[in-house]
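Below: the structure, in structure tokens.
All values below come from the heavy atoms of this structure, side chains included, with hydrogens, waters and symmetry mates left out. In what follows, chains are A, B, ... by sequence order, proteins preceding strands, each numbered from 1. From a predicted model like this one, the values you see are computed outputs, not experimental measurements.
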Number of protein chains: 4
Amino acid sequence: MIHPLVLDEEVRPLFARSRQLPDRYLGVRQASEAFCEPLAPEDCVIQSMPDTSPIRWHLAHATWFFETFVLARANPDYRPFNPAFEILFNSYYHTVGEQFPRPQRGLLSRPTMADVFEYRQEVDRRMVRLLTEGESLPPELLPVVELGLHHEQQHQELMYTDVKHLFACNPLNPAYRGSDGVPDGATAPPLTWLHFREGLREIGHDGDGFAFDNENPRHRRFVEAFHLAGRPATNGEFLEFIDDGGYRRPELWLSLGWQTVQSEVWHAPIYWRRGDNGGWSEFTLSGLKPLNLEAPVCHLSYFEADAFARWSGARLPSEAEWEVAAQRVLAEDGEIRGNFAESGRLHPAPAQSSASNAPAQMFGDVWEWTSSPYSPYSGYRPPDGALGEYNGKFMCNQYVLRGGSCVTPESHIRETYRNFFPPEARWQLTGVRLARDA
Amino acid sequence: MIHPLVLDEEVRPLFARSRQLPDRYLGVRQASEAFCEPLAPEDCVIQSMPDTSPIRWHLAHATWFFETFVLARANPDYRPFNPAFEILFNSYYHTVGEQFPRPQRGLLSRPTMADVFEYRQEVDRRMVRLLTEGESLPPELLPVVELGLHHEQQHQELMYTDVKHLFACNPLNPAYRGSDGVPDGATAPPLTWLHFREGLREIGHDGDGFAFDNENPRHRRFVEAFHLAGRPATNGEFLEFIDDGGYRRPELWLSLGWQTVQSEVWHAPIYWRRGDNGGWSEFTLSGLKPLNLEAPVCHLSYFEADAFARWSGARLPSEAEWEVAAQRVLAEDGEIRGNFAESGRLHPAPAQSSASNAPAQMFGDVWEWTSSPYSPYSGYRPPDGALGEYNGKFMCNQYVLRGGSCVTPESHIRETYRNFFPPEARWQLTGVRLARDA
Amino acid sequence: MIHPLVLDEEVRPLFARSRQLPDRYLGVRQASEAFCEPLAPEDCVIQSMPDTSPIRWHLAHATWFFETFVLARANPDYRPFNPAFEILFNSYYHTVGEQFPRPQRGLLSRPTMADVFEYRQEVDRRMVRLLTEGESLPPELLPVVELGLHHEQQHQELMYTDVKHLFACNPLNPAYRGSDGVPDGATAPPLTWLHFREGLREIGHDGDGFAFDNENPRHRRFVEAFHLAGRPATNGEFLEFIDDGGYRRPELWLSLGWQTVQSEVWHAPIYWRRGDNGGWSEFTLSGLKPLNLEAPVCHLSYFEADAFARWSGARLPSEAEWEVAAQRVLAEDGEIRGNFAESGRLHPAPAQSSASNAPAQMFGDVWEWTSSPYSPYSGYRPPDGALGEYNGKFMCNQYVLRGGSCVTPESHIRETYRNFFPPEARWQLTGVRLARDA
Amino acid sequence: MIHPLVLDEEVRPLFARSRQLPDRYLGVRQASEAFCEPLAPEDCVIQSMPDTSPIRWHLAHATWFFETFVLARANPDYRPFNPAFEILFNSYYHTVGEQFPRPQRGLLSRPTMADVFEYRQEVDRRMVRLLTEGESLPPELLPVVELGLHHEQQHQELMYTDVKHLFACNPLNPAYRGSDGVPDGATAPPLTWLHFREGLREIGHDGDGFAFDNENPRHRRFVEAFHLAGRPATNGEFLEFIDDGGYRRPELWLSLGWQTVQSEVWHAPIYWRRGDNGGWSEFTLSGLKPLNLEAPVCHLSYFEADAFARWSGARLPSEAEWEVAAQRVLAEDGEIRGNFAESGRLHPAPAQSSASNAPAQMFGDVWEWTSSPYSPYSGYRPPDGALGEYNGKFMCNQYVLRGGSCVTPESHIRETYRNFFPPEARWQLTGVRLARDA
């Protein structure tokens, strides 16, 4: 079931002439299309819940972003590929104009995948021309191209999680790929606690290289002394929580969390399935697998992560604590290392042992919930215009996650990166690392 | 965008050996597949509202019907094509077993269209073998095969209406086919009233040839004298109702109808669209067209039909009145005539003038709402077993429609045929013919 | 907890002068107020579900009816008691004007009960003056007064059922009155079947005395031969249905009924409660009582009555069958007899044995569901104007009930009386009498 | 309409013997009952939305708190006043046991107000005995009594806001009291900005005197330099926001806020009403009044406060900023001053001019939204046992408010007091004070 559509030949020659940015542009764009290879057109138009989007929508919307914010701005006489797409594939930019209602994205069978690939090719053709004929790209649009690439990478991660959710709704348990690439037999090291001293710290992005607006400005925080777990919690540890009645004990939960447990009838992480014999399996992008007790627990909501931490006699780290710890990791490693999308893994793998004083597996494998509500940093200002809608307006009733997952593109993550989801969201690759007051 | 899958070559030779039933079997089955030719796979998996089903589901369910009620019963050792399909494609037969929830049919991207065509081919192969090797088909299953064919024809009509609803959700206004086959420039004759005398009448099926259980038994009804309109009401006549404030005047509506008008913000039939200049268009299977004032109004709910009748100083006919009138038509014509699916028309066409004393256009073009709640006929008994769930259990909060539409297969309709929908349903080709007390 | 407010002294002297109608007027009005004696003000403002209304609303609405349709019409210069009441206490008469939304009737703590009693007294004063000074009452309003009295009687029955529903929501199990007046130890006679021959029958009101518009016109129906049960089904019989898995067997239910059983988690009649020891109690207007197996089962929805009938190998009678049987009862008894509101019983009592060929307990004790959707009789015409909204517009998705209950005022019922409720309604005193094809 | 029930004579003599705590106990308890004087019983049982509770419920729940956490703990043989109340009046303490569902509190007409006053008297009798016979009160329960008093004060404020919401649903515009006690003709001073320097600050309660657990521990925060408005925003200023299209401009709103504006059709603060002539009134506890442009705007949701701040080119203060500013006020005034419940004002009054360098009207009149999500302070630990459910479990998807309102009891507020509500809540007396980066 191989998708027949690939980037056409007309675009490839441009490659030769391209400098760094066009190369990176095409690399990111092709990664989105490569993602679709194992999929049938039928897999690409369904919206399995309002939080997810059809794959076809992701592909078109990321393209719309370049068309709207780069091509149309670079050329006052720009004629859109299809004027109807301006509304259909606008996600939430009121400043740009009207949007097709988000919960109805799955009502559209047209444009088909073939149509959308045509749309992508045409926009790619125009973009590559713009990027390779440097004089025509106004300099103020260069950071927008950069933003567009990071934007498309965000949607690449969503395509993994959205297809996973779609397939998980299907009693046939379809697999995106036969193997998830996770090595057999690996075991996680025992839980250790690393100490961090109190002090006035700096967190946030310092302006060097790309970052989203919400990572700015770098600013001071007073952080009390704390302990941080040496690795994320495992499926085995989470199973103890379940076996100890974790989902039936209101005293472990936030009030809203307990309401959700009751109304949604939660009794395990979203993709865990209990077999007739009482054993647990987990639905993955490689289909239904026996639960790997050594791997980091994932697809937890904030509510579950928080309840598990309370049950553990611990708490979630704040995002300042997490970032301070990540600074120690980077000081040691010199660069970000971890299992990311490029590793070909579709599922988190057990942590590896380490004698270091820095926490393991801070980057990749699973996003880690922090206790921090997603709020603007002191001194934060969203950009002017439509791109000011990118992040700031979502700073309400969400919590910050850090570190990236095994389906995050490696070039996309930073130690200052702030991901965010509402506390009930479970379809992302979200895990938990414990913290404690020192 | 031609669908690449056709009935494969292995089945065709069976044709030669077949007698009437296998021929008809293959004819009905191929009509379902022919319907799909203009569609893309993307069009076939979406469920645009809980009342509709994805095309792929219709194709598989009609196949499941033959597999479950014929193949599996004919052979005690029968091994299903895919055991998971027993649940996935069971519509509402509790006696057979569990069902995948109806409102979630659109969450399934797999089996793909290709998979379903394979399923159909395999079941066709087995069915044709059973039908052509007569000895192996238990005689009590012959009426079930017959029922299965009529069942598939019902789903063929639903495929038209469900794809129409799906396409109507799409701002791109996709067309199923370029032309709707309705002749240009035809005009409807003026409205006339035909008189019928009072008397003790017989309605219902007399047992000759196929009929659904709900058409039985033939029984006596006392029918008062009445007048029936010579043709269905037209778009032009319905537009007068709108222009007279029809959707804003509660006194014209049933109480539940008025609630629906308010909560659903109805102001015209579901597929009518008012242009910026105030003119009306209608979304059809051939895309958006200027409203044809001469054609029968269609896609009315019972509520709208009833309110229009009240506004007209008339009422809807009862189903007994309708059937008495149909008897007069048949006495004159000798057989059922009208625009049905075989005519290639995708949309109702204007009535033709006639000097006859029988009402025109009783069959085909648009289903006609009657004032009769869908109730069991006096003496009705549903069949034993699962097939007893086919009709009887739906006899509540629905109304009877009569006569068939332009997308009803011709061989499917009868003067005793009882179609039924809830009073708020608007996505079927449902129109209105007026009646009056004499 | 005696309500301190009674009809004041100023009105009483009018009695002396009054002829029959004023007497009856005051009798009906005082019955509403007498109903309130055991209630606290707190009991009278809550709306326990959208189908019910606060007692205070019933008292005010029935008064509004006289004010709006009699007083204001009799006097062109009429000044309303409180102009805001025109909207607040209009139930559903669009022709009169706007209505305060029905589901929000329980949001109003004012006017208080004291205010409403004042409103009643003032309207009573004006009505009695109008009725006793005959010259001022236009003759066309006389039938409206009559209608207003029957209207208030309907609301009296609703006050019983609405207070019962309210109290049943309360874990304290409050009692409206200590004793329900049902004799102890009575047993129901065994179930017998009475035979009725086929024939062209007349049903409906013949114009003699008061009847609602929906009972008109008297008209012919062809009725096949049938058998009717000699008495309503008992709690003991219904308990057998439950014990036989009645609420867990989809094949016994209409499709909508089964959906309701699932979504509402029905497993017994609404006011039955299973004790820790497995025994059954029933919440009544006298509080929680052990279930009386001999008494007629009541508070069944149409869905439950229909499923019970199917399980019994029988069916519900049509309303024509019921009325034909009632004609036989009246031919024998000469008048309507039964346990009605005047009997002081708050709960249905077991049927009494009878050697008669007429069915027992056709009137009073429990309303009996018929299989007939609530539709207009052949030739029915609603009155012109606002009072045309009284009945006709509700003829959709409801079923007819016959015979009255133990809280129906005796002077209110007739053999042609058509009560009606949606098939899921359970808070009325609704039972079931079986029928069979002969 | 004076409520006939007052604290009975048996309790009064205890007063004489009482030391400080019994006095304060009775003072707080009587304040709750005094609140009810202008109300009818009908006003006290309705729940006008799930966020509010019937007055009767507040009265009983605050009593249940003393019974459950003091009386029953002080005496192992304690027999509850009514065992059913343990469930009925438990708000959300899972550790204590089951709770009657919150959204159904308005379904209970019993216990009546009279019953609840009896309950209060009996608990008061027992409490006063326990408090005045000191030996019997275990010392660890003393802080629980203190907590119970502050708890009842919280419910006193809720009784004001809940009755206001109930009356606002009523088109009769009932008034709780004729006059709102706000002086006529006062004007607010012009908006000024006060400067605060950056620094490492301490906020939170230092352990001296009563505080809720959520105000602890006192801890360090680095606070950047900022400006704070000299007084809360006025109705006049908010009206400019409306007139400038504030409710129609998505770019001014958080994404969730804009969704709420659309779905709830907000176009002004909840109790503002636009007259036919375009002028604005405001519904108050004294009925409908012309909008006072000089008074602080109140009944804003966080969403509205945030959008108004953005439109103003400012932002909301963080709770650390607010508390730092409050420290300056206290340093100047020596104590908390403002319009509180004891002032007899039912509505916020205009700020008074001041030459001080401290912000005016920080305490009383209106609660002030901060930008801070309601999160645990660094080092926060909820108490063990049921009282640990008081605050901690609500630290999710809410925002902190500071300073108290005109219906907050004066003895209840502190500069460290953290009130909290979800961002969409509008029925509290919630206003906005602007802040800016320095």
Side-chain angles (χ1 to χ4, degrees), chain C residues 1-4 38-50 52 54-57 59-60 82-90 98-101 103-119 162-176 287, chain D residues 1-4 36 38-50 52 54-57 59-60 82-90 98-101 103-117 119 162-176 287:
Chain C
M1 200 183 303
I2 293 175
H3 202 288
L39 299 177
E42 288 92 333
D43 299 325
C44 298
V45 288
I46 295 178
Q47 181 176 36
S48 58
M49 65 167 172
T52 63
I55 296 306
R56 197 267 328 271
W57 188 91
L59 293 172
N82 182 334
F85 289 6
E86 294 182 15
I87 290 170
L88 276 187
F89 299 120
N90 180 353
E98 206 189 329
Q99 302 120 47
F100 191 76
Q104 298 174 22
R105 287 176 188 166
L107 294 184
L108 306 177
S109 59
R110 313 289 178 93
T112 61
M113 279 293 273
D115 299 333
V116 166
F117 273 81
E118 218 179 286
Y119 176 40
D162 289 3
V163 140
K164 187 172 185 174
H165 188 270
L166 172 68
F167 282 179
C169 296
N170 195 322
L172 300 175
N173 288 323
Y176 171 79
Chain D
M1 199 184 300
I2 292 173
H3 203 286
C36 300
L39 300 177
E42 288 91 334
D43 299 325
C44 298
V45 288
I46 294 177
Q47 181 176 36
S48 58
M49 66 166 171
T52 62
I55 296 307
R56 198 267 328 275
W57 188 91
L59 293 171
N82 182 333
F85 289 6
E86 293 182 17
I87 290 169
L88 275 187
F89 298 120
N90 181 353
E98 204 188 331
Q99 302 119 46
F100 191 76
Q104 298 173 22
R105 287 178 188 162
L107 294 184
L108 306 176
S109 60
R110 313 287 177 94
T112 61
M113 278 293 272
D115 300 334
V116 166
F117 272 80
Y119 176 41
D162 290 3
V163 139
K164 187 171 183 176
H165 188 269
L166 171 67
F167 283 178
C169 296
N170 195 322
L172 300 176
N173 289 322
Y176 170 79

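Residues satisfying the side-chain contact (heavy atoms from CB on, under 4.5 Å) test with D/Pro83, not counting sequence neighbours, are D/Pro80.
Ranking D/Pro111, D/Gly106, D/Ala84 against chain C, the residue ahead of the rest is D/Gly106, based on heavy-atom pairs under 4.5 Å. Per-residue heavy-atom pair counts under 4.5 Å with chain D were compared for C/Val45, C/Ile87, C/Leu88, C/Leu166, and the maximum is reached by C/Val45.
Using the six-membered ring where Trp is involved, C/Tyr119 and C/Phe85 have ring planes that are perpendicular, over 60° apart on the 30 and 60° scheme.
When heavy atoms are compared at a cutoff of 4.5 Å, D/Gln104 does not approach chain C at all. Of the two parts of C/Leu172, only the side chain, counted from C-beta on, holds a non-hydrogen atom closer than 4.5 Å to a non-hydrogen atom of chain D.
Looking at D/Phe117 and D/Leu59, their side chains come closer than 4.5 Å, going by heavy atoms from C-beta outward.
Between the side chains of D/Thr52 and D/His165, no donor-acceptor pair is found at a separation under 3.5 Å.
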